[in-house]
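See structure below.
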Amino acid sequence: MTQPDTPLLSIRGLNKWFGAYHALRDVDLQVARGERIVVCGPSGSGKSTLIRCINRIEGFEEGSITLDGLGTAAKGRAATREVEEIRRQVGMVFQHFNLFPHMSVLENCILAPMRSLRESRATAEGRARELLARVRIADQADKYPGQLSGGQQQRVAIARALCMRPRLMLFDEPTSALDPEMVQEVLDTMVTLAEDGMTMICVTHEMGFARQVADRVVFMDQGQILEVAPPGEFFDHPRHDRSREFLGRIL
Ligand code: ADP
Ligand code: MG
C-alpha cells in the first residue's frame, strides 16, 4: 500500500559517470505528490543527465531512483518491465519537441496510448482531442509538425506526454529553443498544468516561471545539488557563492 505522505519520487545517493567523468555526485532529492520543482544551474552542471536518469533514458552506477516504489533495484538496473512502467508514468518534454515529423499532430498523440496503454483508437483520439484543446491547439490536430510554429509544436509535445496519463512530468529547457515571442504561450501551458496539480520537475532558466510556480528551486553545479530552497529565498537570498554568481549572470 502506498502511503499518501511518502514522496512520489525519491532519489538517493545518485552517482553517475560517463567513462571517467563524474557527471552526478551524491544527488538526493525527494519530490512530493503535486510538488513543482525547478532545476537550474550552469550549462554542463548535470541537469539533463539527472532528468534522463529519472525516466531511465540513462542508467547510473550508484544510488536509487524510485517512483512510488517502482525501480527499487539499486544501480539503475531495474527490471525491464519496471523500466517500461516508469517510462509510462513519467512524461517528458524536451528542448527540441521531438515530435514525429511524418505523423499528424493527432497521430503523434495517439501512438503511445494505443501501443503501450492498449487504448482503442476511439478512446485515444477522444483523449488526445481533449488535451489538444487544453493546450489551445485543437484546430491543428490534422496538421503535420512542420506546419506549426515552435511554440505550437511544444504545446503538442506537452499534450502528447499528457495523453499517457503520467504521474510525473519532466521538462528539459522546454522554452530555450523557441523564438522569444513564443516562450510565454508554452510557459502559460505549464502554469495551467501546475495549477491542475501535476507533479513537475522543470529544468528552466525562466525565473519568472520559477517564482510563480515552483515550490522549491534546485540549484546544480558540477554534478551536485548545491542548494534547494523556495524561489523567494533562492532568488533574494542565495546562500551559496556559486548560486549568487549564477543568478548574477542570468538575471
Ligand atoms: P546540463 O543539462 O546541465 O547542461 P548535462 O547533463 O547535459 O548538463 O551534462 C553534464 C555533463 O556531462 C557535461 O559535462 C556533459 O558534457 C557530460 N555528458 C552529458 N552526456 C554525456 C554523454 N552521453 N557522454 C559523455 N559525457 C556526457
Ligand atoms: Mg541540459
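Side-chain atoms are counted along with the backbone in the values below, which use heavy atoms only and exclude waters and symmetry mates. Whatever order the structure lists them in is the order used to number ligands and atoms, beginning at 1.
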Does one side chain, of Arg118 or Ser116, offer a donor that lies under 3.5 Å from an acceptor on the other? no
For ligand 1, would you mind listing the residues that have at least one heavy atom less than 4.0 Å away, ordered by chain and number? Phe18, Tyr21, Pro42, Ser43, Gly44, Ser45, Gly46, Lys47, Ser48, Thr49
Examine distances only and state if a side-chain atom of Arg244 and a backbone atom of Pro238 form a donor-acceptor pair shorter than 3.5 Å. yes
Please confirm whether Arg160 makes a cation-pi placement over Phe100, using NZ or CZ under 6.0 Å from the six-membered ring centre and within 45° of the ring normal. yes
Whether Ser43 has an N, O or S atom under 2.8 Å from the Mg ion (ligand 2): no
When you measure from the side chain of Thr66 to the backbone N and O of Gly69, does any donor-acceptor pair fall under 3.5 Å? no
Phe246 ring center within less than 6.0 Å of His205 ring center: yes
Is a side-chain donor-acceptor pair under 3.5 Å present for Ser48 with Asp172? yes
